[in-house]
Amino acid sequence: MAALLVTQAPTTATAAAAATVTDLGVAADRGGDVVGHSGKIFVAADDRIVVTKSDGALIDTISGLSGAVALSVADNGRKVYAALRDSHELIEIDIATLAITKRIDLTAYPCPSTLAQSYERLWVGFGCGQAGEGGVVALELWRPTPTLVPVGPGTTQPPLIAVAGSTLVAGEPGADPASIRVYDVSTTPATPRGEIRADTSLRDLALADYGSAALSALADTHRFDAWDTTTNAKTRAYDSGELSEHGLPTAVAASPNGAYVVGGWNSSAGDAAELVVYDATNAEVIYTAAHQGKAVVAGSIEFYGTLTFAVLKEPGTGRMHLWRLPPSPYHSSTLTLTAPSKVTALKQSTLSGRLTLSSGLPPGVQTLELYRWLPDGTSRPFQEITTAADGTYQFTDAPPSTGAFKYQVYWPGNSWFRGSGSSVTVTVALYEPTLTVTGPATGNVGDRLEFSGTFGADGITFPRTIITVSRKVVSPDGTVISTGLVKLAPAADGSFSFSDTPTKAGEHTYTVKLLGNSTIEPASTTHVVTVLQPPA
């Protein structure tokens, strides 16, 4: 019997079991904005920018800054930009070296505090608190000396801003009721497209669905709202967090692929935080993470690859912590793989399994990756297999030898479900041949007798082995004579043939033996022919 050892295959797409929180080792009253690029996470922390790996491990600190409160980076960029509120400037940081490579004077637009970037264009929300002296200014980063172009009316506080596609939104925090202005930035200067009016003050602002929807975190609403940026109408609400009844919606963002909205909640006392991941389409809650003793920083939710980050602060001390959610997507899948109870070399065996989704819905036809390894560790050709609509699948394989063969199947997942994998190690036994010989039952002395046989099954190709044939003749008078007749190599399909011309009458027993080898078990069979003496 073949022995089976079933293990779960390791896959890089499997999410971690829980969110992680890493102490950044710095306390700051201001800052908390986050961006990620090229394997590095940048966190603004007032007089410095902390740079970590994606797991929170410290890489370096860019120090000596004056009010680093906002960061931005383009998806295709190699520079991070930081707004320095106190020195009224924008700095450019080389991602590879972490050196400051450019400083842009913003004294004409003081107290820069928020940033939004699309490729080589950047918008800055500025304002030091004097009525009408704040607002938004745009600049083109590719120019050696960028021209500063104001966008929209003056404000008191630096507006919260977000850009996606050709849409820019800007809303002044603290203004009650909130007014979110929508602009078309495909033109220069930007063209006003309308205004979204909310019932209460704005805490955070983001764009989703390539700019077609604005997301707001509004005070005293206990939800996050989505607004159509064409009609300016509210289209959806995201709530149902554990803290939603008593907490405050503080931060909101949409994943780059449009699949998720992530909202940050703080308790009314500011000593508990929750991140809630919503299905962007139907507002279903698909993942939550909570943390006690800290509050999430408004505007600090950021995406880097499949990771979601936010910044937490300890009340009172301002000590900052990097909060990382497990890799998205957050829906899970399960893939099983089962092998037959017995597997023999050279023979086709059927392995089967099923892909199931945590939603309970059938996955539809999906493509799986199949990997196979020989006992010596070398791999066999890669293969793709497909499931049925209900997620079931099967495939066949004929192991070329005995030993431990490993099979692994993997589903890479999609934008909604994490991938999953499974593997099975099969101990393959020797092929068990069925040796058969056909030939005449009777014959005459002097006549040529033809025999044929096989030990294989249809479609199998066998390694080289040996067949031996011996003959035992029992004459009518009881004399017994045994003779070795032939040694032959069967064909690759297991077939063979031989002949004999009897010289004596009697019962002729032909014994055919398959010697076997490291892949095939030995086998033996006989065939009896009654040989008569023809009349004179």
Do [X] and [Y] have side-chain heavy atoms sitting under 4.5 Å apart?
X      : Y      : answer
Phe417 : Trp411 : yes
Lys294 : Asp271 : no
Leu449 : Pro440 : yes
Asp447 : Thr501 : no
Leu532 : Val445 : no
Asp33  : Phe42  : no
Val512 : Phe498 : yes
Thr454 : Thr436 : yes

Any sub-3.5 Å donor-acceptor pair from [X]'s side-chain atoms to [Y]'s backbone N or O?
X      : Y      : value
Ser267 : Ala272 : yes
Ser482 : Lys472 : no
Ser475 : Asp477 : no
Thr308 : Ile301 : no
His37  : Gly77  : yes
His291 : Ala289 : no
Thr386 : Thr367 : no
Lys40  : Ala96  : yes
Thr235 : Ala226 : yes
Ser255 : Tyr260 : yes

Taking atom [atom1] of [X] and atom [atom2] of [Y], what is their separation to the nearest 0.5 Å?
X      : Y      : atom1 : atom2 : value
Leu325 : Phe309 : CG    : CZ    : 9.0 Å
Leu485 : Thr468 : CG    : OG1   : 10.0 Å
Leu24  : Leu322 : CG    : CG    : 5.5 Å
Glu450 : Ser499 : CD    : OG    : 5.0 Å
Ser524 : Ile467 : OG    : CD1   : 9.5 Å
Ser333 : Gln366 : OG    : CD    : 9.5 Å

Query raised in the report: Looking at Val261, Leu207, Asp204, Asp209, which one forms a side chain to side chain contact (heavy atoms under 4.5 Å, CB included) with Leu215?
Result: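 Of the listed options, the one satisfying the test is Val261.
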Query raised in the report: Of the options Val35, Ile49, Val297, Val311, which is the one that meets Val43 in a side chain to side chain contact (heavy atoms under 4.5 Å, CB included)?
Result: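 Only match with Val43 under side chain to side chain contact (heavy atoms under 4.5 Å, CB included): Val311.
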Please find the pair of heavy atoms, one from [X] and one from [Y], that lie closest to each other, and give the distance.
X      : Y      : result
Gly299 : Ala251 : N-CB, 3.7 Å
Asp55  : Thr22  : O-OG1, 3.7 Å
Ala253 : Ala206 : CA-CB, 4.0 Å
Ala505 : Gln533 : CB-N, 3.9 Å
Leu351 : Ala339 : CD2-CB, 3.9 Å
Val285 : Asp239 : CG2-O, 3.8 Å

Check ion pair [X]-[Y] (N to O, under 4.0 angstrom):
X      : Y      : answer
Arg236 : Asp225 : no
Asp94  : Arg78  : no
Arg324 : Glu302 : no
Asp397 : Arg380 : yes

Regarding [X] and [Y], is there a side-chain donor-to-acceptor distance under 3.5 Å anywhere?
X      : Y      : result
Glu92  : Thr101 : yes
Ser420 : Thr334 : no
Gln117 : Ser72  : yes

Query - Derivation and outcome, side-chain contact (heavy atoms from CB on, under 4.5 Å), residues Ile520 and Leu346 - result: CA-CA 9 Å; Ile520 306 171; Leu346 309 176; 4.1 Å; yes
Requested in this report: Would you check, one step at a time, whether the test side-chain contact (heavy atoms from CB on, under 4.5 Å) holds for Val277 with Thr288?
Outcome: CA-CA 6 Å; Val277 181; Thr288 62; over 6 Å; no
Requested in this report: Before giving the answer on side-chain hydrogen bond (donor to acceptor under 3.5 Å, both in side chains), spell out for Ser401 and Thr519 the whole-Å C-alpha distance, their side-chain angles and the decisive distance to 0.1 Å.
Outcome: CA-CA 5 Å; Ser401 64; Thr519 305; over 6 Å; no
**Report entry** Phe451-His527 aromatic ring centre distance below 6.0 Å
**Finding:**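 So the answer is yes for these two rings.
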Query raised in the report: Ring centroid separation for Tyr407 and Tyr371, is it under 6.0 angstrom?
Result: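 No, they do not, as the ring centres are separated by 6.0 Å or more.
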Query raised in the report: Is the Phe224 ring parallel, tilted or perpendicular to the Tyr278 ring (thresholds 30°, 60°)?
Result: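 If you compare the ring of Phe224 with that of Tyr278, the planes turn out perpendicular.
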Report task. Mind telling me whether Phe462 and Tyr431 have parallel, tilted or perpendicular rings, with 30° and 60° as the class edges? Result ->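 Because their plane-to-plane angle is over 60°, the rings of Tyr431 and Phe462 count as perpendicular.
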Requested in this report: Give the intermediate values and the outcome of side-chain contact (heavy atoms from CB on, under 4.5 Å) for residues Phe303 and Val262.
Outcome: CA-CA 10 Å; Phe303 300 91; Val262 180; 3.7 Å; yes
Query raised in the report: Under the side-chain contact (heavy atoms from CB on, under 4.5 Å) criterion, do Arg372 and Ser379 qualify, and how do the steps go?
Result: CA-CA 6 Å; Arg372 297 169 293 180; Ser379 61; over 6 Å; no
